[in-house]
2 protein chains.
Amino acid sequence: MNSGRKTDWNGCPTRYAAGIVGDKWCFLLLRDVLLHGKRTYREFLASPEGISTNILANRLAKLETLGMLTREPDPRKASSICYFPTKKSKDFLPALVSMMVWATQHDEATEAPASFAESYSTDPGGTIAWYEAEIERVDQALRSS
Amino acid sequence: MNSGRKTDWNGCPTRYAAGIVGDKWCFLLLRDVLLHGKRTYREFLASPEGISTNILANRLAKLETLGMLTREPDPRKASSICYFPTKKSKDFLPALVSMMVWATQHDEATEAPASFAESYSTDPGGTIAWYEAEIERVDQALRSS
DNA sequence: CTCTCCACTTGCATTTTGCAAGTAATTTGA
DNA sequence: TCAAATTACTTGCAAAATGCAAGTGGAGAG
């Protein structure tokens with residue numbers, strides 16, 4: 001999937017980020033995991049952007065390889081699968097939220113309320129913490145079922 | 001370049017961001033403009049990732065259409081071209097820096113010094129302001145030549 | 001024991017990419 | 001002054017990635 005020489009993708013942090021986030025589908029899967037509480041193949045498939053099943057499988061594998069997701073049996077039904085965010089992907093939340101704030105300010109068609117950007121600017125840490133708490137809530141609930 | 005229906009890409013801020021940044025080459029061009037002071041076709045072409053010329057032309061046009069860059073004659077030499085960052089792309093800096101911090105912490109092959117993430121964590125605003133000042137310096141110098 | 005659900009895989013047509021070469025408008029150097 | 005170089009692209013084509021539809025194999029339900 002990455003045809004460049006290895007050295008082309010090492011060293012520079014922006015280039016490293018581009019290797020993961022610089023792909024529409026990886027980016028949106030990260031959104032689904034970090035912001036929308038999605039954990040299963042079917043949930044990812046149901047996102048409105050309409051990812052196709054081969055691409056979804058490919059990207060889930062890529063994100064797992066990159067250490068962004070773990071693939072585990074679903075606690076609710078051992079025969080199905082859950083993808084959980086790792087610390088590495090949770091640590092990406094501030095960057096993701098920062099991009100959301102930017103998009104909210106510059107996409108004239110945004111449906112996000114202006115209050116979102118406002119509350120972020122008055123208390124960025126609190127906004128991030130709120131999303132983090134949501135993630136913990138979702139995964140706690142799932143793991144203890 | 002975007003085959004989805006229009007409604008598929010409106011509304012959600014993350015999706016909006018994915019439409020721009022969720023492309024390796026756009027992402028790296030933004031880095032070159034915002035972080036490395038690059039402004040000309042040749043400079044972009046010279047980046048170590050090796051973008052090909054047709055893709056570069058395509059992405060510069062895309063970024064111009066999206067309001068991220070302006071295409072202007074080079075003040076130093078009227079026959080050549082400069083691409084300047086707009087306010088919209090400069091506003092993207094905090095998100096970009098946030099991704100760099102994340103990458104610095106999670107890419108074991110990073111060449112960025114740990115001091116970068118540290119100085120960001122003690123004074124995020126100052127770090128951003130430093131990059132902003134660099135951009136102004138570059139563009140001031142260019143425009144007044 | 002069949003039927004459905006789930007998480008994929010496969011095949012194939014279409015699209016995008018990468019690479020090499022070419023071009024048109026300057027501009028530089030001898 | 002005039003050939004050679006530079007700049008910002010465009011074009012053609014082969015190779016790779018994508019989208020779409022259909023298929024597969026295993027677990028669980030009825």
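We name chains A, B, ... by the order of the sequence lines, and we start the count at 1 in each one.
For the atom pair A:Thr65 OG1 and A:Arg71 CZ, the distance stands at 11.5 Å (nearest 0.5 Å).
In summary, the side chains of A:Glu72 and A:Thr70 do present a donor paired with an acceptor at a separation below 3.5 Å, with no hydrogens or angles considered.
Put simply, CD1 on A:Ile51 is 8 Å from P on D:dG19, counting in whole angstrom units. Between the CG atom of A:Leu45 and the P atom of D:dG19 there is a distance of 13 Å, rounded to whole Å. Rounded to an integer number of Å, the gap from CZ of B:Arg76 to P of D:dT7 is 10 Å. Residue B:Ile55 contributes atom CD1, which lies 16 Å from atom P of C:dT15 at whole-angstrom precision. The distance from atom CG of B:Leu60 to atom C1' of D:dT10 is 14 Å, rounded to the nearest whole Å. Rounded to a whole Å, the CG atom of B:Leu63 is 13 Å from the P atom of D:dC9. Protein atom NZ of B:Lys62 is 11 Å distant from nucleotide atom P of C:dT16, rounded to whole Å. Here the C1' atom of nucleotide C:dT10 and the CG atom of A:Asn58 are 14 Å apart, to the nearest Å.
Ranked by how close their nearest DNA chain D nucleotide is to the 5' end, A:Asp23 and A:Ala78 are led by A:Asp23.
At most 12 non-hydrogen atoms from other residues, nucleotides or ligands lie less than 6.0 angstrom from CZ of B:Arg42.
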If you restrict it to nitrogen or oxygen atoms, what contacts under 3.5 Å exist between nucleotides 20-25 of chain D and the protein, and what is each distance?
| unit_1 | atom_1 | unit_2 | atom_2 | d |
| --- | --- | --- | --- | --- |
| D:dC20 | N4 | A:Asn54 | ND2 | 2.8 |

I'd like a list of close polar pairs between nucleotides 4-6 of chain C and the protein, N/O only, cut-off under 3.5 Å.
| unit_1 | atom_1 | unit_2 | atom_2 | d |
| --- | --- | --- | --- | --- |
| C:dC6 | OP2 | A:Arg42 | NE | 3.0 |
| C:dC6 | OP2 | A:Arg42 | NH1 | 3.4 |

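Contacts of B:Tyr83 with the nucleic acid, taken as non-hydrogen atoms under 4.0 Å apart, involve only primed sugar atoms and P, OP1 or OP2.
Heavy-atom minimum distance, A:Pro73 versus A:Ala78: CB-O, 3.9 Å.
Side-chain N/O atoms of B:Arg59 include one lying less than 4.0 angstrom from OP1 or OP2 on C:dT17. Taking only side-chain nitrogens and oxygens, B:Trp25 comes nearer than 4.0 Å to OP1 or OP2 of C:dG18.
Side-chain atoms of B:Leu45 and B:Thr53, non-hydrogen and from C-beta on, do get closer than 4.5 Å to each other.
Counting only distance, with no hydrogens or angles, the side chain of B:Lys88 and the backbone of B:Leu66 share a donor-acceptor pair below 3.5 Å. For B:Thr110 (side chain) and B:Thr104 (main-chain N/O), no donor-acceptor pair under 3.5 Å exists by modelled atom type. With hydrogens and angles disregarded, no donor-acceptor distance shorter than 3.5 Å links the side chain of A:Ser52 to the backbone of A:Asn54.
Contacts between residues 138-145 of chain B and DNA chain C, counted as heavy-atom distances below 4.0 Å, involve no residue at all.
Listed candidates were C:dC8, D:dT18, C:dG18. Nearest to the side chain of A:Arg71 is C:dC8. When distances run from any side-chain atom of A:Ala57 to the nucleotides C:dC8, D:dG19, D:dA8, the shortest one goes to C:dC8.
Between B:Trp102 and A:Tyr16, the ring-plane angle classifies as tilted under the 30° and 60° cut-offs.
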